[in-house]
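Reading through the structure tokens given below for one structure.
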There are 2 protein chains.
Amino acid sequence: MSITIKDVAKEAGVSVATVSRVLNGSCNVSDESTKKVNETIARLNYSPNFLGRNLRKCETNVILVIMPTSEHSLYSKIVMGMQDYAGQVGYDIITAVSYSTSTAETRQMNMLFNRTVDGVILLGTQYDADSLNKLAENYNVALCCEGVKGANVLTVAVDDEQAAFDAVATLIKKGHKRIGFIGTNSSAISSTARENGYIRALKEYGIEIKNEYIYKESYDYDCGGRAFEYFNALAEKPTAIFAVSDLLAISAMHKAIDMGIDVGKDVAIMGFDNISMCEWIIPTLSTVEQPCSKMGELVVAKLIENMNKTTKDNHYYTVDHRIILRESTGD
Amino acid sequence: MSITIKDVAKEAGVSVATVSRVLNGSCNVSDESTKKVNETIARLNYSPNFLGRNLRKCETNVILVIMPTSEHSLYSKIVMGMQDYAGQVGYDIITAVSYSTSTAETRQMNMLFNRTVDGVILLGTQYDADSLNKLAENYNVALCCEGVKGANVLTVAVDDEQAAFDAVATLIKKGHKRIGFIGTNSSAISSTARENGYIRALKEYGIEIKNEYIYKESYDYDCGGRAFEYFNALAEKPTAIFAVSDLLAISAMHKAIDMGIDVGKDVAIMGFDNISMCEWIIPTLSTVEQPCSKMGELVVAKLIENMNKTTKDNHYYTVDHRIILRESTGD
DNA sequence: TTGTATGCGTTATCAT
DNA sequence: ATGATAACGCATACAA
């Protein structure tokens with residue numbers, strides 16, 4: 001089999017307890033012993049078996065991040081922020097992709113139940129509020145990026161309603177009065193919150209809310225294009241469009257270009273997320289930036305805090321968003 | 001503490017051994033006991049502690065996938081293929097991102113050394129051949145997508161040389177004689193193999209190889225644009241460009257558009273990978289498709305096979321590529 | 001078919 | 001400062 005702490009102890013001429021002490025940086029061990037042990041560890045190329053260690057300590061120092069898709073650079077950036085911070089405080093981040101299926105998500109959650117990880121962060125989830133609340137009673141769970149209505153679970157996200165308000169207000173201040181909204185029928189709280197922000201902005205600036213300017217389907221790429229076709233067929237076409245995701249905005253934009261419409265001039269388009277692609281396409285896309293690193297860091301920090309608490313923090317923390325103007329809005 | 005197999009046994013009025021047998025689907029247990037045990041498991045909401053189980057069984061049934069970036073949809077698709085297959089054979093896939101740093105990669109490899117996972121699949125790695133060979137002696141390691149020269153380690157990838165040959169041959173058959181190549185200076189075997197394929201294609205079709213048509217920098221997005229600027233400044237500009245990655249091709253394409261050049265007509269551009277973005281941009285990008293699902297499935301299958309072998313399979317398996325023609329080559 | 005007992009590799013407690 | 005040993009939760013060899 002593989003080499004164990006026992007082998008090291010025997011070779012170094014000390015007890016396993018001493019080796020363990022060296023391994024865990026206890027101060028109650030002589031310099032001589034420390035040296036001997038470290039030498040043999042290096043010589044035998046010993047690496048402690050974490051299954052044994054974790055079993056004994058009842059902790060793994062590993063956090064699992066479950067995301068609906070790995071093709072979303074927003075998530076990638078958030079996970080990066082998580083890893084940065086987690087590494088600093090001695091935790092590892094592992095990720096799993098659920099592909100938005102509850103079966104995969106359930107399966108992955110097993111790592112929480114079977115004690116393979118200390119906690120789970122969900123970047124958008126299939127779970128409903130009740131399930132989440134029950135889950136959070138016994139386990140360390142956090143939501144990031146996407147809250148769940150009615151869930152009293154630690155959450156970190158932008159203020160979606162306010163962010164959408166700011167985005168639409170920006171368009172209005174540019175002179176737009178007919179503003180289309182591309183949303184989704186998903187149960188995602190962010191989608192409805194952004195719709196609410198859109199509506200509030202119109203109201204506050206005294207613009208009539210028209211149902212024909214609200215198009216809702218799904219987050220799939222093609223839906224953006226379909227939305228644009230729909231808007232473009234209206235008698236009074238919108239002069240600006242706000243989409244709840246960059247991908248939808250990009251899809252709409254490309255449909256517009258296909259139709260020979262000058263995006264940024266004939267029509268202004270604004271997305272949400274600030275994924276990398278926004279700067280890679282022509283024209284570049286105006287959008288609402290989510291502070292990915294900060295979100296990742298904060299949710300990990302709060303989750304770890306929760307691990308040592310009996311009464312868990314279940315706040316909904318919001319982080320600052322930022323409007324970024326690029327060519328698609330004529331900037 | 002949390003509920004254990006002992007609690008279940010006591011509650012069900014049987015021994016822990018019987019509970020364990022039920023848990024592991026042993027046939028040597030009476031229907032009555034099975035029923036009683038399953039009932040109490042459900043009632044107590046018991047979930048076995050895998051740290052104990054894994055420690056005992058010396059296996060975790062978990063495979064770690066380390067990738068340089070999670071922003072590459074090629075990798076996402078491959079991991080999806082891995083998960084599909086792994087799930088079927090009772091394995092879990094977890095992922096970690098190294099951000100192309102050897103420190104992160106080394107840290108993540110610890111999960112292999114400390115027995116937290118049964119094997120590791122590297123989607124492009126910082127390790128050199130010697131390190132990999134030594135690693136593969138004692139652990140279950142596989143490379144996917146990107147081989148390492150001189151490494152005798154289980155590898156699954158496309159035939160990069162032949163794929164590049166086919167791509168360039170396709171351009172030649174379309175009548176192109178001045179073909180630019182955008183590569184990288186990275187040590188990645190795929191990059192040089194694709195360059196070799198490019199050169200062989202020119203040779204076989206009797207076209208002179210000119211150094212000025214070969215531009216090499218890095219995989220960063222901007223390099224594609226710089227490459228195009230360079231080509232466009234030549235006295236005899238290439239009429240077609242083959243890039244070793246879709247992102248480089250897209251960057252070059254956008255630079256061309258910026259310069260008012262009609263991609264697909266004035267210049268043909270072909271990428272490599274067939275990432276989702278190829279179909280999302282205008283014009284759509286011709287490219288070489290890598291069979292992601294198949295690659296993921298194959299590498300997991302072979303790696304699991306290796307786990308039960310004393311002499312490990314260290315073959316370099318190639319999977320079929322496919323040329324996809326879209327608007328960027330005038331199709 | 002079932003139960004008892006052992007050990008997986010580690011840390012922590014208790015002596016010394 | 002160090003060592004002997006119990007315990008973490010589980011699967012399994014062995015006995016019954």
Side-chain angles (χ1 to χ4, degrees), chain A residues 1-38 40-41 44-62 90 110-118 138, chain B residues 1-38 40-41 44-62 90 110-118 138:
Chain A
M1 223 52 234
S2 147
I3 188 148
T4 76
I5 198 173
K6 237 175 178 168
D7 303 319
V8 177
K10 196 179 292 176
E11 276 284 313
V14 298
S15 73
V16 291
T18 303
V19 178
S20 178
R21 287 189 188 101
V22 172
L23 243 32
N24 292 281
S26 163
C27 46
N28 293 329
V29 49
S30 71
D31 288 355
E32 192 193 7
S33 294
T34 306
K35 200 178 151 197
K36 265 194 304 185
V37 169
N38 281 328
T40 40
I41 285 178
L44 299 186
N45 193 24
Y46 163 75
S47 184
N49 181 321
F50 274 39
L51 296 175
R53 167 179 295 183
N54 295 342
L55 174 61
R56 182 58 229 246
K57 296 176 85 159
C58 288
E59 64 174 31
T60 63
N61 278 23
V62 174
N110 267 320
M111 299 190 70
L112 191 60
F113 309 144
N114 67 33
R115 307 289 165 187
T116 303
V117 300
D118 291 342
N138 303 307
Chain B
M1 222 54 236
S2 145
I3 189 148
T4 76
I5 198 173
K6 233 174 178 170
D7 303 319
V8 177
K10 195 179 291 176
E11 276 283 315
V14 297
S15 73
V16 290
T18 303
V19 178
S20 177
R21 284 192 265 264
V22 172
L23 243 32
N24 293 280
S26 164
C27 45
N28 293 327
V29 49
S30 71
D31 287 354
E32 192 194 7
S33 295
T34 307
K35 197 179 154 198
K36 265 194 303 183
V37 169
N38 280 328
T40 38
I41 284 179
L44 300 186
N45 194 25
Y46 164 74
S47 184
N49 181 320
F50 274 38
L51 297 174
R53 168 180 293 184
N54 295 342
L55 175 60
R56 178 60 225 253
K57 296 177 82 160
C58 288
E59 65 174 31
T60 64
N61 279 22
V62 174
N110 266 321
M111 300 190 69
L112 190 60
F113 309 144
N114 66 34
R115 307 287 165 187
T116 303
V117 300
D118 291 343
N138 303 308

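By convention in this document, chain letters (A, B, ...) are assigned in the order of the sequence lines, proteins followed by strands, and residues within each chain are numbered from 1.
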So, is A:Y46 near the phosphate of C:dT10, with a side-chain N or O under 4.0 Å from OP1 or OP2?
yes
It should be established whether B:N24 places a side-chain nitrogen or oxygen under 4.0 Å from OP1 or OP2 of nucleotide D:dA11.
yes
Flag, side chain of A:T60 to backbone of A:D118, donor-acceptor distance under 3.5 Å:
yes
Between CZ of B:R115 and P of D:dC10 the distance, given in whole Å, is 22 Å
Whole Å only: how far is the CG atom of B:L51 from the C1' atom of C:dC8?
13 Å
To the nearest Å, give me how far apart CG (B:D31) and C1' (C:dT2) are.
15 Å
For A:K10 and D:dT2, give me the distance from atom NZ to atom P, rounded to whole Å.
20 Å
Nearest-Å distance for atom pair NZ/P, residues B:K57 and C:dG9
16 Å
Give me, pair by pair, the N or O atoms of the protein and of nucleotides 4-7 of chain C that are less than 3.5 Å apart, along with how far apart they are.
unit_1 : atom_1 : unit_2 : atom_2 : d
C:dG7  : N2     : B:R56  : NH1    : 3.2

Quick check for you: among D:dT2, C:dG9, C:dT11, whose closest atom lies nearest to any side-chain atom of A:S30?
D:dT2
Pick from A:V14, A:I5, A:L23: which one makes a side-chain contact (heavy atoms from CB on, under 4.5 Å) with A:V37?
A:V14
Determine the contact category for B:L55: base if any of its heavy atoms lies under 4.0 Å from a base atom, sugar-phosphate if only primed atoms, P, OP1 or OP2 are that close, otherwise nothing.
base
Which pairs with one or both residues in residues 25-36 of chain A pass side chain to side chain donor-acceptor pair (under 3.5 Å), sequence neighbours excluded?
A:S30-A:S33
Mind calculating the distance between CD1 (B:I5) and P (D:dT12) to the nearest angstrom?
11 Å
For the backbone of B:F113 and the side chain of B:N110, can you confirm whether one donor and one acceptor N or O come within less than 3.5 Å of each other?
no
Under a 3.5 Å threshold, yes or no: a donor from one side chain and an acceptor from the other, between A:N114 and B:S47?
no
So if I take every side-chain heavy atom of B:P48 and compare against D:dC10, D:dT2, C:dT10, which nucleotide ends up nearest?
D:dC10
Please confirm whether the shortest side-chain N or O distance from A:R53 to OP1 or OP2 of C:dT11 is below 4.0 Å.
yes
Output the rounded distance in Å from CG (A:N28) to C1' (C:dA12).
13 Å
Taken to the nearest 0.5 Å, the spacing of B:R115 CZ from A:L51 CG works out to 9.0 Å
Say whether, by atom type as modelled, one donor and one acceptor occur between the side chain of A:N54 and the main chain of A:F50 under 3.5 angstrom.
yes
Would you say a side-chain N or O of A:S20 is under 4.0 Å from OP1 or OP2 of C:dA12?
no
A:L23 CG to C:dT10 C1', straight-line distance once rounded to whole Å
9 Å
N/O (side chain, B:N49) to phosphate O (OP1/OP2, D:dC10) under 4.0 Å:
no
